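Quick notes on the structure that follows.
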Number of protein chains: 4
Amino acid sequence: MAVRGRPRSEISRRSILETALRLARKQGYARITVDRIAVEAGVGKQTIYRWWPSKAAVVLEALRENARAEIKVPDLGSLQADLEVFLQSTFDVSRNRPGINDLLRALMAEAQHDRGFLQNFRRELIDPRRAVLHSLIERAQTRKEVHKSADVNLYVDVAFGVMWYRLLTGVGTIDNGLAGQLAELLAGAAVGLAKRKAGINQRA
Amino acid sequence: MAVRGRPRSEISRRSILETALRLARKQGYARITVDRIAVEAGVGKQTIYRWWPSKAAVVLEALRENARAEIKVPDLGSLQADLEVFLQSTFDVSRNRPGINDLLRALMAEAQHDRGFLQNFRRELIDPRRAVLHSLIERAQTRKEVHKSADVNLYVDVAFGVMWYRLLTGVGTIDNGLAGQLAELLAGAAVGLAKRKAGINQRA
Amino acid sequence: MAVRGRPRSEISRRSILETALRLARKQGYARITVDRIAVEAGVGKQTIYRWWPSKAAVVLEALRENARAEIKVPDLGSLQADLEVFLQSTFDVSRNRPGINDLLRALMAEAQHDRGFLQNFRRELIDPRRAVLHSLIERAQTRKEVHKSADVNLYVDVAFGVMWYRLLTGVGTIDNGLAGQLAELLAGAAVGLAKRKAGINQRA
Amino acid sequence: MAVRGRPRSEISRRSILETALRLARKQGYARITVDRIAVEAGVGKQTIYRWWPSKAAVVLEALRENARAEIKVPDLGSLQADLEVFLQSTFDVSRNRPGINDLLRALMAEAQHDRGFLQNFRRELIDPRRAVLHSLIERAQTRKEVHKSADVNLYVDVAFGVMWYRLLTGVGTIDNGLAGQLAELLAGAAVGLAKRKAGINQRA
DNA sequence: CTCTAAACGAGACGGTACGTCTGGTCTTATG
DNA sequence: CATAAGACCAGACGTACCGTCTCGTTTAGAG
């Protein structure tokens, strides 16, 4: 049997997402309320709550909708080069869109007092980006550029950890220089490890 | 001229800080309110607002008061060893005190929608910890273990970045294993850099 | 266009008015708070503020709701008799309901530091009672019992003025004796005036 | 034995009374607070509370201090003339001083939720004025202009009742016209009573 | 072409916490 | 002792949001 009743309004959905993003970028995430989104979107409050559990979820979806498939997955043959390009691309996304950084910070904050949203946030934003970086390093592993015993997750954590730490605390900048430094640091560590292991194996 | 008027009550100050910390650890930061702190501390609400701008500021001070001089600054002669001991000590603080991690996460969240509190938070919590790690690495620099051109701040960001990233997202654990991995990674990178630079100099 | 949105809850409205009146009579107007009314009425505080500007307005409406059509408008053919019955009836209302006098005093007090409420208070309580007394005296005027040049408003002011003055200052009692005295005084003055005027006219 | 300790400061007392009156007339009674009086008078809050139980008491004293012996007690040989002059004089006091009416209304309001202040208010303001009017009518009684059985208090209540009623509700004006009307009404009633009684006695 | 059912805009609802304000008391040092 | 200063406890105030609910209306497929 087909779906009964009035179908979900795509117009309302779009209006909500656009209004949420617009308000959040104009006035800051903290100042928007579900009420305001509803009024400005010309939508009933219930229509928001029917489809999203919180304003954070709305903003997250708006962000995701807005930022689809922007991340390059480079494959230049060298881990360091791949890392640098990937990280530059990642850092650029925020830099080119004013207000995006504030939204990311606000969503991370929201995730701290809403376990359910944390899951959502990880699934939609954190984990996909991790996956890209992870695969990028694994590729270097199959090339033997990185030793098979290396903890890929740690390297991923280093890259995103520094980014988020600087984003959240305001300590340091997030720019191409950082991308280069991180690429060098991680590639150095990974390749250095591989060499040491190789040396050990040779001697053995 | 001497201070005029009734002096600030040390008893009330202590009571407020202790009550705030106790409630926050027992029930979670999100569930405490300024009202409840006031009532349970036997204090007027105004007495809280007279000295702190928000409950976040109260909890921050309570945390700081409570955690004075807990961080070991090891000096074992080797960067990697120093790093490992320091990071283990840092990670232990939270692990040994249930509820502390939640408070740290809540405060970091609070800092995201309160610029004033962010400054306070950095000055009281983030920066002091950075300073210790920073000095620890600088010491290795004076020992020539780390090259003088190394970006010490980046290393600090890596250590705390990974810690906070895992704390906030729930990705990965924060334990002695991590301390060891980070110490190895950072020392490897720093020492590797020093050796390469030395090699360049020799060849030159 | 029809009414949009959820309609006002008559249940809440009644509950608020009843609770306000009950609390005010039990504990005195000064001791009730908007918070307590809300809690005891099982209602959100905002629901009170949405419909009334202050607790005084709530109590006023509660009083009015509760005291509808209690005032007798006698028509015995003689001004003095009508006055006496009307005033007795008016004075009785308060005397038979403990707490009402305190409420009236409190509302009159409230009206002194809230211009908006003073208007409301006059429109709902003062003026309707004036109108009855006014019409009663006018009827005597059409009967030629009172001269047409008499200032009816002054007579009304005398009756209610004495009542309120005694109520507010505690000087003297407000009972059937007073009703008789006022009736005699006013009727005497009004009829006396009519006779003098008639005499003048005759002589002319 | 002489009084020990530091004597009460007359400067502070004057400053408090003047400041209270000034603030009350400038901004309205409702807007002044004990705190504000203290600050503006350059006085400690406790100094106010040591000598007065409430801001109403301060304002009452300030008013009384300021308005000493302003009431004429006329003696023109005729009740109606005496009444008219007295009432005109009484009504003039308020009319010539802007803000006084508002203060009187505020004090009457205050007296409604403070039993202690009501006593104070009656003793200092209400009763003295009553006494003057009372004596004025009694004088007419000794002249046989008013019958000895007349209820003098009722006449007093009528005069002040109408005045206060109009003051508090804003119904009608308080001017020389009213003074004349009240004088005529009361004298008419009192003298009419005397004549009727005399007639009865003669016939008897 | 009616009927059923769900989504819709609107906005009132019960709740909770906020940060401010005032009242009246207490605690200093000073005169 | 009284004083100026000002911190203290207490608690009401009116506002802001939250997430739910209750209207009448709209929009689809089912009968």
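Remember, predicted model here, so these are calculated numbers, not experimental data. Here is how names work: the chains are called A, B, and so on, in the same order as the sequence lines, proteins then strands, and each is numbered from 1.
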_Is it the case that F:dG11 (base atoms only) and B:K45 (side chain only) share a donor and an acceptor within less than 3.5 Å, ignoring hydrogens and angles?_
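Donor-acceptor pair under 3.5 Å: no.
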*Record whether the side chain of B:R6 comes under 3.5 Å of the base of F:dC8 through a donor-acceptor pair of N or O atoms.*
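No such pair is found, so the answer is no.
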*Which residues satisfy the side chain to side chain contact (heavy atoms under 4.5 Å, CB included) test with A:Q119, sequence neighbours excluded?*
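Applying side chain to side chain contact (heavy atoms under 4.5 Å, CB included) to A:Q119 gives none.
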I'd like to check the salt bridge (Lys or Arg N to Asp or Glu O under 4.0 Å) partners of [X]; sequence neighbours left out, ordered by chain and number.
{"X": "B:R22", "answer": "B:E40"}
{"X": "D:R122", "answer": "D:D127"}
{"X": "C:R14", "answer": "C:E10"}
{"X": "A:E18", "answer": "none"}

*Can you find a side chain N or O atom of D:S12 that sits less than 4.0 Å from OP1 or OP2 on F:dA4?*
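It does, given that an N or O in the side chain of D:S12 lies less than 4.0 Å from OP1 or OP2 of F:dA4.
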*Once you round it to whole Å, what is the distance between P of E:dA12 and CD1 of C:I11?*
17 Å
*asked:* Can you measure A:E10 atom CD to E:dA7 atom C1' for me and round it to whole angstrom units?
replied: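 So the CD-C1' distance, A:E10 to E:dA7, works out to 14 Å.
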_Partners meeting ring-ring contact (aromatic ring centres under 6.0 Å, His included) with B:Y29 (sequence neighbours left out)_ =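 Per chain and number, B:Y29 pairs via ring-ring contact (aromatic ring centres under 6.0 Å, His included) with no residue.
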*Counting only N and O atoms by type, is there a donor-acceptor contact under 3.5 Å from the side chain of A:S15 to the main-chain atoms of A:I11?*
no
_With a 3.5 Å distance limit and no angle check, can you tell me whether B:R64 reaches the backbone of B:L60 through a side-chain donor-acceptor pair?_
no
Determine all donor-acceptor pairs shorter than 3.5 Å in which one atom belongs to a side chain in residues 100-108 of chain C; sequence neighbours excluded.
unit_1 : atom_1 : unit_2 : atom_2 : d
C:N101 : OD1    : C:S94  : OG     : 3.1
C:D102 : OD1    : C:R105 : NH1    : 3.2
C:R105 : NE     : C:L167 : O      : 3.4
C:R105 : NE     : D:Q112 : OE1    : 2.7
C:R105 : NH2    : D:Q112 : OE1    : 3.1

*Looking at residues 17-39 of chain A, who's got a heavy atom less than 4.0 Å off DNA chain E?*
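Per residue number, the list is empty: none.
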_If you take any heavy atom closer than 4.0 Å to DNA chain E, which residues from residues 46-57 of chain A end up in contact?_
A:T47, A:R50, A:W51
*Please work out which residues in residues 106-118 of chain D have a non-hydrogen atom less than 4.0 Å from an atom of DNA chain F and list them by number.*
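Heavy-atom cutoff 4.0 Å gives no residues at all.
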*Can you tell me which residue pairs pass the side chain to side chain donor-acceptor pair (under 3.5 Å) test with a partner in residues 47-60 of chain B, sequence neighbours excluded?*
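Pairs touching residues 47-60 of chain B that pass the test: B:W52-B:E61.
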_Sequence neighbours excluded - ring pair (Phe, Tyr, Trp, His ring centres under 6.0 Å) pairs with any residue from residues 98-119 of chain C_ = C:F117-C:F121
